[in-house]
There are 2 protein chains.
Amino acid sequence: MSKDERTLYFPKASLDRLKIYRRLLTETDSEYISSEDIANKLGINPELVRKDLSYINYKGKPKVGYHVQSLLDELNELFGLKKTTNVIIVGAGHLGRALANFKGFSKYGIKIVGIFDNDPQKINQFVGELVVLPLDYINRVVRRFNVEIGTICVPEEAAQKIADLLVQNGIKAIWNFAPVKLEVSEDIIVVDEDISQSLLTIKHLLERKQLEKAGEK
Amino acid sequence: MSKDERTLYFPKASLDRLKIYRRLLTETDSEYISSEDIANKLGINPELVRKDLSYINYKGKPKVGYHVQSLLDELNELFGLKKTTNVIIVGAGHLGRALANFKGFSKYGIKIVGIFDNDPQKINQFVGELVVLPLDYINRVVRRFNVEIGTICVPEEAAQKIADLLVQNGIKAIWNFAPVKLEVSEDIIVVDEDISQSLLTIKHLLERKQLEKAGEK
DNA sequence: TATTTAACGTTATTTTTTTCACGATTTAAT
DNA sequence: ATTAAATCGTGAAAAAAATAACGTTAAATA
Ligand SMILES: NC(=O)c1ccc[n+]([C@@H]2O[C@H](COP(=O)([O-])OP(=O)(O)OC[C@H]3O[C@@H](n4cnc5c(N)ncnc54)[C@H](O)[C@@H]3O)[C@@H](O)[C@H]2O)c1
Ligand SMILES: NC(=O)c1ccc[n+]([C@@H]2O[C@H](COP(=O)([O-])OP(=O)(O)OC[C@H]3O[C@@H](n4cnc5c(N)ncnc54)[C@H](O)[C@@H]3O)[C@@H](O)[C@H]2O)c1
């Protein structure tokens, strides 16, 4: 791997940790923070923190640590938080409406600019400041607001169809809340937000813990 | 690692993939499926699939592949999907209500048995078949329904306090939707469902793709 | 029934990721 | 000004994970 590529590509696991560091920094009041502080809070070791930060070429100060604000700036830059990105939502059900109403996305430079549904009952209803639009308005909204990200909040049966529709209309990345594996062309980014899957993790961990306890005896 | 431990512990990454295999199998109609089929659909390679399945000691048939139904059963067992687990939700806002209304959790053997809020306006309101209860009912519900999992759907400022409250009331695992790192004792399982974080991934991937494109020229 | 073939299971190899170790640097104290 | 202490940065070692290789097995076919 060349030095140049390194700034572009680095381990997926590191990327995930960088996101976590970023969040941690937003919760940090002090001016500086050491790799050890970060590591302790996350239950990992400090060398890993330092290595992750070395990928993005960020330098700390020996004896002091990392300057919280400037590191946060750097990470915000890395994740493109500084520029506003417009997003649309398809499916104005429970989840779609929760997302559309959520104020916190603005911190991430995300703006919801449209919400769509195919249910005539839902169309024209207000959701926060938006009005639910029918699917054939997607094209217009995508062009008008230069939307690259589409969110799928429809039932699983409809998800693939909506994915195709979004791609047809020029969407580049799909944030998918439906619990199905979408089939899209190579160049489309799909990020699955399969909420229920976490329950499997929790159940499994609970079960394992119980086994461990039983084993101790 | 002993043979025995292996069935208890294996790589986190494998566990995550097993969850994905499981979901894929629920979408599969045929009687058998090969490691190659699975791998192709997920963009990984078949050896990895076989290795993952070897961790749970599941045997396929040469020349045919894996028997979909029995593998699914096995995985459902692994993730404790067969037995019902009761769960409570704290925070009857947009997200809490969306979760409480969601029918899909029953497939995972999950039942929402209580939803709580501290807003007098919300208390006593119906959410699906549940009635929003004040926080001091948590104890009663947890005992009555043997609840081990608590879901945090309150604003981030309140999240730590609610986490403490849940732990006090005997909760063993926290499903945390608030974007904060919770501090709890070692033996409590915390699974973060930090929805907004995915947006960072998407933004980063979009940005990287753009850089790559620029680089090609 | 023997042969061929597809797909598995598992060991070996390679690659990736994490941890270790230690020299370099900055700040603070003597 | 010198020394001490904390923390960084990074190359080397270790560990973990993924991939490759290949022998084994069950089904299909001749
Ligand atoms: N609500 C949750 O807590 C939750 C949890 C996990 C996963 N999910 C997933 O998120 C998705 C949405 O869940 P929800 O609870 O909001 O469901 P919901 O039933 O409340 O809403 C679905 C919405 O999609 C609309 N819709 C259906 N078909 C459509 C189509 N072809 N085109 C446009 N709109 C269409 C419906 O009119 C409805 O408004 C589902 O795939 C679900 O599995 C939801
Ligand atoms: N809605 C989303 O799409 C979304 C997306 C990402 C993250 N989140 C996170 O999920 C959490 C909930 O989001 P939301 O949109 O449902 O918020 P919301 O404001 O709609 O609901 C929050 C609820 O919590 C209740 N509450 C506040 N303090 C409480 C306390 N001390 N005890 C009990 N209840 C209390 C409020 O009365 C309200 O009903 C937040 O932490 C938010 O950051 C939400």
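A note on names: the letters A, B, ... follow the listed sequences, proteins ahead of strands, and every chain is numbered from 1. What you see is a predicted model; the values in this text were computed from it and never measured.
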Under 4.0 Å between a side-chain N or O of [X] and OP1 or OP2 of [N]?
X: A:Ser35; N: D:dC8; result: yes
X: A:Lys59; N: D:dT7; result: no
X: B:Arg50; N: C:dG9; result: no
X: A:Lys61; N: C:dT27; result: yes
X: A:Tyr66; N: D:dG9; result: yes
X: B:Ser34; N: C:dA7; result: no

Should we say atom NZ of A:Lys107 is surrounded by more than 12 heavy atoms from elsewhere, each under 6.0 Å from it? no
Salt-bridge present (A:Arg22, A:Glu27; N to O < 4.0 Å): no
Among C:dT19, C:dA7, D:dA20, which nucleotide has an atom closest to any side-chain atom of B:Asn45? D:dA20
So does B:Asn57 get a backbone contact from the side chain of B:Ser54, meaning a donor-acceptor N/O pair under 3.5 Å? no
Can you check side chain to side chain donor-acceptor pair (under 3.5 Å) on B:Gln168 and B:Asp164, steps first, answer last? CA-CA 6 Å; B:Gln168 267 166 43; B:Asp164 296 341; over 6 Å; no
Confirm from the modelled atom types if B:Lys63 and C:dT5 form a donor-acceptor pair under 3.5 Å, side chain to base only. yes
Let me know the distance between OH of B:Tyr21 and P of C:dC8, rounded to the nearest Å. 12 Å
In this structure, how many angstroms lie between the P atom of C:dT10 and the NZ atom of B:Lys51, rounded? 10 Å
